[in-house]
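Worksheet for the structure shown next.
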Amino acid sequence: VSVPLLLNNNRDPEISRFPARLQEKFLNISQYFINEGLTDLSEVLLVNIKSILDNVPLQEKLKIGDIENIFHRILESVFSESSERNLLRNPGKFLLSSTQTSTHLARELKEEELETFKSIVSDTLEIMESQEVTSLLRRLCRQGFAHYADNLTDFYTTFQENLPQD
């Protein structure tokens, strides 16, 4: 099942492949991620960042290359995190709610809708766990940091040019 088909991309709701109620339940996954999953992910990031930065003295003067190295070490640490705490290997941990909410969902949906919902979620997780998505995420993280490093370089270059000459 392709992602555009799952989301129905602004199609007429009358001819939608999935009932509106089922679409709503599927989109509630993002609400869980924002309310709880993001907190869990932040804790994983904090542990990884602290383990890398604890070895960097606060008074140390860092060059752009040093900052890039630190960032790449953090990325590798996050990407190599154990399966239980790894968004790439276990996105369900960060996206799917507890069994209590799942039980509530099972009571709200008809059996056919529940099976369709499980299928949609399973397909979504399969896509998220794919090598293509993992590679894309890594690339985007590196490109985002490259952009940040470029801006840092521009800032410090401009800053040094504006320093008073002795």
Side-chain angles (χ1 to χ4, degrees), residues 1-9 17-19 21-58 60 62 64-150 152:
V1 176
S2 70
V3 173
L5 286 177
L6 290 175
L7 298 177
N8 292 308
N9 279 345
R17 185 168 165 205
F18 302 110
R21 185 167 70 148
L22 191 57
Q23 291 177 36
E24 180 184 325
K25 297 300 177 197
F26 180 75
L27 292 175
N28 281 342
I29 291 173
S30 62
Q31 192 65 34
Y32 172 79
F33 176 69
I34 290 168
N35 291 336
E36 295 180 42
L38 199 54
T39 300
D40 294 342
L41 180 60
S42 296
E43 290 172 10
V44 170
L45 292 172
L46 180 63
V47 167
N48 283 279
I49 290 168
K50 282 182 89 172
S51 72
I52 302 294
L53 291 182
D54 275 350
N55 299 322
V56 179
L58 287 176
E60 185 175 339
L62 299 174
I64 294 295
D66 298 327
I67 295 171
E68 287 175 342
N69 184 0
I70 289 170
F71 178 76
H72 290 293
R73 287 178 32 214
I74 291 169
L75 269 185
E76 287 310 311
S77 179
V78 169
F79 288 140
S80 63
E81 184 70 56
S82 69
S83 292
E84 176 62 28
R85 297 170 43 90
N86 191 313
L87 177 63
L88 300 175
R89 291 191 216 146
N90 189 9
K93 177 192 184 317
F94 301 95
L95 297 174
L96 302 176
S97 63
S98 66
T99 54
Q100 179 183 5
T101 305
S102 299
T103 304
H104 179 67
L105 179 66
R107 281 188 241 131
E108 288 184 359
L109 296 175
K110 299 175 191 168
E111 187 173 330
E112 181 181 308
E113 290 175 326
L114 187 57
E115 289 306 312
T116 302
F117 181 79
K118 286 179 184 178
S119 176
I120 294 169
V121 170
S122 175
D123 290 346
T124 301
L125 291 175
E126 187 175 320
I127 290 167
M128 291 180 71
E129 294 168 346
S130 72
Q131 186 62 40
E132 293 87 359
V133 170
T134 300
S135 295
L136 178 63
L137 183 58
R138 283 177 178 258
R139 191 170 347 140
L140 288 173
C141 287
R142 286 190 176 105
Q143 285 176 346
F145 185 74
H147 178 72
Y148 174 70
D150 288 345
L152 269 178

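Taking a 6.0 Å sphere around CD of Glu60, one finds it holds more than 12 heavy atoms contributed by other residues, nucleotides or ligands. The number of heavy-atom neighbours closer than 6.0 Å to CD of Glu76, taken from other residues, nucleotides and ligands shown, is above 12.
The distance from atom CD of Glu115 to atom CD of Glu111, rounded to the nearest 0.5 Å, is 6.5 Å. Atom-to-atom distance recorded for Asn69:CG and Leu62:CG is 10.0 Å, nearest 0.5 angstrom. Between the CD1 atom in Ile29 and the CD1 atom in Ile34 there is a gap of 12.5 Å [rounded to 0.5 Å]. Taking OG of Ser119 as the start and CG of Leu114 as the end, the distance is 11.5 Å to the nearest 0.5 Å. We find the CZ-CG distance between Phe33 and Asn35 to be 11.0 Å, quoted to the nearest 0.5 Å. Of the inter-residue distances, the one linking Met128 atom CE with Asp123 atom CG reads 13.0 Å to the nearest 0.5 angstrom.
Listed here is the closest heavy atom pair of Phe79 and Arg138: CB-NH2, 3.2 Å. In terms of heavy atoms, Leu125 sits closest to Gly92 at CD2-N, 3.8 Å. Residues Arg89 and Ser82 approach most closely at NH1-C, 4.1 Å, considering heavy atoms. Residue Glu113 comes nearest to Leu22 through the heavy atom pair O-CD1, 3.5 Å, listed as atom of the first residue, atom of the second, then distance. Nearest approach of Ser83 to Asn90, heavy atoms of both residues: O-CB, 3.0 Å. Pairing each heavy atom of Lys25 with each of Leu109, the nearest pair is CG-CD2, 4.1 Å.
Ser130 places a side-chain N or O within 3.5 Å of a backbone atom of Ile127 that can act as its donor or acceptor partner. In this structure, Arg21 contributes its side chain and Glu108 its backbone to a donor-acceptor pair below 3.5 Å. With Glu129 contributing its side chain and Glu126 its backbone, the two residues share no donor-acceptor pair below 3.5 Å. Checked by atom type and distance alone, the side chain of Asn28 never pairs as donor or acceptor with a backbone atom of Gln31 at under 3.5 Å. A distance-only check finds no donor-acceptor pair linking the side chain of Ser135 to the backbone of Glu132 [under 3.5 Å].
Between His72 and Phe145, the two ring planes are perpendicular [angle over 60°; tilted spans 30° to 60°].
With contacts defined as side-chain heavy-atom distances shorter than 4.5 Å, the pair Val78/Asn86 does not qualify. The side-chain heavy atoms of Phe18 and Thr116, taken from C-beta on, include a pair separated by under 4.5 Å.
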Exercise for review: Just do the side chain to side chain contact (heavy atoms under 4.5 Å, CB included) check on Leu95 and Val121 with the steps written out, would you?
Suggested key: CA-CA 10 Å; Leu95 297 174; Val121 170; over 6 Å; no

Please tabulate, for side-chain N and O atoms in residues 37-48, each donor-acceptor pair with protein atoms closer than 3.5 Å (sequence neighbours left out).
from: Ser42; atom 1: OG; to: Leu38; atom 2: O; distance (Å): 2.8
from: Asn48; atom 1: OD1; to: Ser77; atom 2: OG; distance (Å): 2.3
from: Asn48; atom 1: ND2; to: Val44; atom 2: O; distance (Å): 2.7
from: Asn48; atom 1: ND2; to: Glu81; atom 2: OE1; distance (Å): 2.8

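Among residue pairs with one or both ends in residues 26-35, none qualify as salt bridge (Lys or Arg N to Asp or Glu O under 4.0 Å); sequence neighbours excluded.
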